[in-house]
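First the structure, in the form of structure tokens, and then the observations on it.
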Amino acid sequence: MRPPVVALTMGDPAGIGPEIVAKTFAEPRFSRENRVLVIGDRAILERAAGLLGLRLEVRTVKGPEEARFEPGSVDLIPESGLPEDLPFGRLDARAGDAAFRYVRRAVELALEGRVAAVTTAPLNKEALHLAGHRYPGHTEILAGLTGTGDYAMMLVADGLRVIHVSTHVSLREAIERVEPERELAVIRLAAGALRRMGVESPRVAVAGLNPHAGENGLFGEEDAELIAPAVERARAEGIDASGPWPPDTVFLRARRGEFDIVVVQYHDQGHIPAKLLGFEGGVNVTVGLPFFRTSVDHGTAFDIAGTGRADHSSLKAALQLARELAGAERKG
């Protein structure tokens, strides 16, 4: 069976996205194992390849049907006409708008069934806002473009999976978002996503909000009053959910194999352990969309853009996971 077609967005053209895309495609085995279609800017990608000293042919196509997926080349759908001298590592509304349009085109292809999954290189939130696209990040763009109500961010890194109740909000707002309905929705999303990934009976651990998961009310009532009822409702639905567990030990227990995934309450509660374990090879998965979307678990790295020092390990891992997820769903 041929690998499923994955759409890869180039990310913010002023960041490291074009470089890590070029490095990935330059690996001899990549095109033999994958069928990946890039959505981006031809001139910018060619500039990145030249910067890195890579002999890489960039072929423009109108859609997946024209792609050849040949070693040493990139099949690219052009979605912007940026100047070749676009500055590296600087906020630019033109780059922010281009990054948004890459994502929009990838979503269109996925909803049309012309690609099986989407992988995204990093965009810059400030550049996105300068261009008038007022989204907190990739996840919210994808949810908005697909009309998805219940969605969540999942991180996969070195034997650990975490899924977030909230992400890009202040800590004060994150605490306010700890509500039984949202907790239950994320538990359901976690179990459903793992089943689609081939885990027959997912074991879902829920991390507490407060130290020691509230210590029976000594350190806050949220765990007992808001989180625990959602866990019980999930169990009544047949989901193997447990918690809330003390957040300072639940990740270690998950990595040792006691749980398949941990529901975390806010951005840093999940990102810190995931990035500690797999900063270079971690993958971000958006759960709840009509298709699988994976992404690098790092930003645009403006400070090293244009230097050739960007590591493409996370992008390779994200593309591999997208291929595996889409392939598993196709077999199912």
Side-chain angles (χ1 to χ4, degrees), residues 1-11 17-40 42 45 49 54-79 102-103 105-122 138 142 146 154-157 161 192-199 278 280-287 289-297 311-332:
M1 183 180 293
R2 292 192 303 171
V5 178
V6 176
L8 168 61
T9 62
M10 201 173 70
E19 294 171 60
I20 60 176
V21 170
K23 285 185 176 182
T24 299
F25 274 84
E27 293 196 359
R29 293 179 53 186
F30 179 76
S31 292
R32 291 195 292 268
E33 298 176 350
N34 299 274
R35 294 199 299 158
V36 177
L37 177 68
V38 174
I39 303 172
R42 178 174 182 167
L45 187 55
L54 300 174
R55 299 183 64 179
L56 201 62
E57 178 190 4
V58 181
R59 298 178 58 253
T60 56
V61 297
K62 294 181 180 179
E65 300 78 14
E66 295 182 5
R68 296 179 187 170
F69 307 115
E70 295 175 341
S73 67
V74 179
D75 295 293
L76 177 142
I77 295 179
E79 271 294 319
Y102 304 156
V103 176
R105 183 68 178 126
V107 168
E108 291 170 355
L109 291 171
L111 293 178
E112 291 167 0
R114 298 167 69 192
V115 299
V118 172
T119 297
T120 55
H138 258 130
L142 291 157
T146 59
M154 178 170 70
L155 301 182
V156 180
R161 301 185 189 97
L194 263 60
R195 291 192 192 100
R196 291 174 69 188
M197 294 167 67
V199 180
E280 293 180 344
V283 179
N284 179 335
V285 183
T286 305
V287 175
L289 299 175
F291 50 84
F292 280 113
R293 174 262 180 167
T294 65
S295 179
V296 296
D297 188 27
D311 190 318
H312 61 301
S313 300
S314 183
L315 181 60
K316 286 198 302 179
L319 286 165
Q320 178 180 340
L321 184 57
R323 183 189 71 215
E324 293 172 354
L325 294 174
E329 188 169 53
R330 186 167 60 181
K331 290 177 183 177

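If you read the sequence from its start, that first residue is 1, and numbering goes on from there.
Leu37 contributes atom CG, which lies 7.0 Å from atom CG of Leu109 (distance to the nearest 0.5 angstrom). To the nearest 0.5 angstrom, Ile77 atom CD1 is 8.5 Å from Glu66 atom CD. Rounding to the nearest 0.5 angstrom, the gap separating the CZ atom in Arg35 from the CZ atom in Phe69 is 5.5 Å. Atom-to-atom distance recorded for Leu319:CG and Asn34:CG is 6.5 Å, nearest 0.5 angstrom. To the nearest 0.5 angstrom, Arg68 atom CZ is 7.5 Å from Glu57 atom CD. Atoms CD1 and CD, from Ile39 and Glu79 in turn, are 7.0 Å apart once rounded to the nearest 0.5 Å.
Thr294 meets the side-chain hydrogen bond (donor to acceptor under 3.5 Å, both in side chains) test with Thr119; sequence neighbours excluded. Evaluation of the side chain to side chain contact (heavy atoms under 4.5 Å, CB included) rule for Thr146 yields Val107, Leu111, Thr148, Leu289, Pro290, Phe291 as partners, not counting sequence neighbours. Shown here are the side chain to side chain contact (heavy atoms under 4.5 Å, CB included) partners of Ala117, two or more places apart in sequence or in another chain: Val6, Phe292, Ala322, Ala326. With sequence neighbours excluded, the residues forming a side chain to side chain contact (heavy atoms under 4.5 Å, CB included) with Arg29 are Arg32, Glu33, listed by chain and number. Residues that satisfy the ring-ring contact (aromatic ring centres under 6.0 Å, His included) test with Phe30, not counting sequence neighbours, are Phe25. The side chain to side chain contact (heavy atoms under 4.5 Å, CB included) test applied to Ala26 returns Leu54, not counting sequence neighbours.
Using a 4.0 Å cut-off between charged side-chain N and carboxylate O, Glu70 and Arg59 make no salt bridge. The residues Glu108 and Arg114 are annotated as not salt-bridged, no charged nitrogen and carboxylate oxygen being separated by less than 4.0 angstrom.
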Do His138 and Thr286 pass the side chain to side chain contact (heavy atoms under 4.5 Å, CB included) test, and can you show the C-alpha distance, the side-chain angles, and the key distance before you say yes or no? CA-CA 9 Å; His138 258 130; Thr286 305; over 6 Å; no
Worked verdict on Leu194 versus Met154 for side chain to side chain contact (heavy atoms under 4.5 Å, CB included): CA-CA 11 Å; Leu194 263 60; Met154 178 170 70; 4.2 Å; yes
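Among Val285, Leu325, Asn284, Val287, the one residue that satisfies the side-chain contact (heavy atoms from CB on, under 4.5 Å) test with Arg293 is Asn284.
Nearest approach of Pro122 to Ile20, heavy atoms of both residues: CD-CD1, 4.2 Å. In terms of heavy atoms, Ser314 sits closest to Val283 at O-CG2, 4.4 Å. Of all non-hydrogen atoms in Ala49 and Leu56, the two that sit nearest each other are CB-CB, 4.2 Å. The two residues Ala106 and Thr9 make their nearest non-hydrogen contact at CB-CG2, 3.7 Å. Scanning all heavy atoms of the two residues, the minimum distance from Pro4 to Ala116 falls at CB-CB, 3.6 Å.
For the pair Leu315 and Leu8, the minimum side-chain heavy-atom distance is below 4.5 Å.
Side chain of Arg42 to main chain of Pro78: no donor-acceptor pair is present (N/O by atom type, distance under 3.5 Å, no hydrogens or angles).
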